[in-house]
2 protein chains.
Amino acid sequence: MPEAPRPPAANVHGTKMSEEHDERFFPAVFKEVVGFHLRIAQEASFEAFGVMAGKANLKPGWYALLTILNEAGSMTPSELSKHCGRDRSTLTSTLKALSARGLIQRERKSDDQRSYEVRLTAVGFDIQRRLHAIAIEHERRLDEILGQDKDMLLTMLRRIASRI
Amino acid sequence: MPEAPRPPAANVHGTKMSEEHDERFFPAVFKEVVGFHLRIAQEASFEAFGVMAGKANLKPGWYALLTILNEAGSMTPSELSKHCGRDRSTLTSTLKALSARGLIQRERKSDDQRSYEVRLTAVGFDIQRRLHAIAIEHERRLDEILGQDKDMLLTMLRRIASRI
DNA sequence: ACAATATAGTTTGACATCCAACTGTTTGAG
DNA sequence: CTCAAACAGTTGGATGTCAAACTATATTGT
């Protein structure tokens, strides 16, 4: 436990977040604020996934990218950028890292000398498969937490993403 | 629109995300994955807030911090760190920036020479108020999108954050 | 009382991310 | 056909984040 187990220090203004673990408070004003709860839920979920992946020495940030490539077969960095929602320049370094570790390979395109196709190597497929297994496991935990309300949640999250 | 309006380039493997704006696709595997939708909804919401705040030349990242201080009166960096869920070292630079712009002031503590209390200045209160107004507006947009399902969503998000 | 331990804040280093500017390539309007 | 505009990828600079190491101060066990 990284933070102090000191007396809760004047809880007049905050609301307790988690019944069990470390004290985490938040301003009372945020109690009903969707954006805030969206953020903490997302961070909690990502953190939990990261813990599972970290135990296997895998980078959770790779998962989306490898999965996109796994489905698509191959893609240019710009396409990849659109599909994963990150800037093209962000992908430059990520792809360099993935390439250096032998998870992907680049093939120069014959019809456009500016660009190249990225595809998974055998190692890349393997890592994708292992990360996917973790994702399945993670999703199972969320299923348990959400029960029959899961579809409702997905619907609302999609609505936010598409309509805001 | 930052990205190319080229032909959608082989949509065999992706699912369209937003009917209107830029093409954004995602792997079919993620279609029912809570973690993924949590992430895109959170990013969309934060981005929308950022646009509104950016127009007023305000940093959205300051909002939580200033609001916590507004409610609490004063706090040490470590307490602030726990309340906003960021590492203590992250706060060092943020507080330096807020201090440099005159939004907060530091007071050495008499009973602990290692630490100090942070509190809002008049300017800080003003910026907090303006960011809060933006947050209210943002929340109103989300209310419109979610309608009566908002409470349901909040309940589920809280459940994820507390139980995962 | 004092040595060992814990804590508060900072510094440094590693990433991920964005944007703006740059290089080389392709396209398209005239 | 040519050259200006669009585009692909990269580079560099800024910010936000964390973890680990560090400095100074407090607390605690004996």
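Numbers restart at 1 for each chain; the letters A, B, ... are given by sequence-line order, proteins then strands.
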note = Between C84(A) and I68(A), the two heavy atoms sitting closest are CB-CD1, 3.7 Å
key: Expected output: side-chain S81(A) to main-chain R86(A) donor-acceptor under 3.5 Å   = yes
query = Considering heavy-atom distances to DNA chain C, does W62(A) or R114(A) have its closest nucleotide positioned more toward the 5' end?
reply = W62(A)
key: d(CZ, R88(A); P, dG12(D)) in whole Å   = 17 Å
request  = Select base, sugar-phosphate, or nothing to describe what S115(B) touches, counting heavy atoms under 4.0 Å on all strands.
outcome  = sugar-phosphate
query = Should E43(B) and R39(B) count as an ion pair when the cut-off is N to O under 4.0 Å?
reply = yes
query = Quick one: are the ring centres of F49(B) and F36(A) less than 6.0 Å apart?
reply = no
task = Classify the nucleic acid contact of K109(B) as base, sugar-phosphate or nothing, counting any heavy atom under 4.0 Å across all strands shown.
result = nothing
query = Starting at CG of D87(A) and ending at C1' of dA21(C), how long is that distance when rounded to a whole Å?
reply = 13 Å
ask   = Any idea which of dG9(D), dT10(D), dC18(D) is nearest the R106(A) side chain?
value = dT10(D)
note = Among dC18(D), dT10(D), dA26(D), the one nearest any side-chain atom of D112(B) is dA26(D)
inquiry  = Measure CZ/R86(B) against P/dG9(C) and give the value in whole Å, please.
reply    = 18 Å
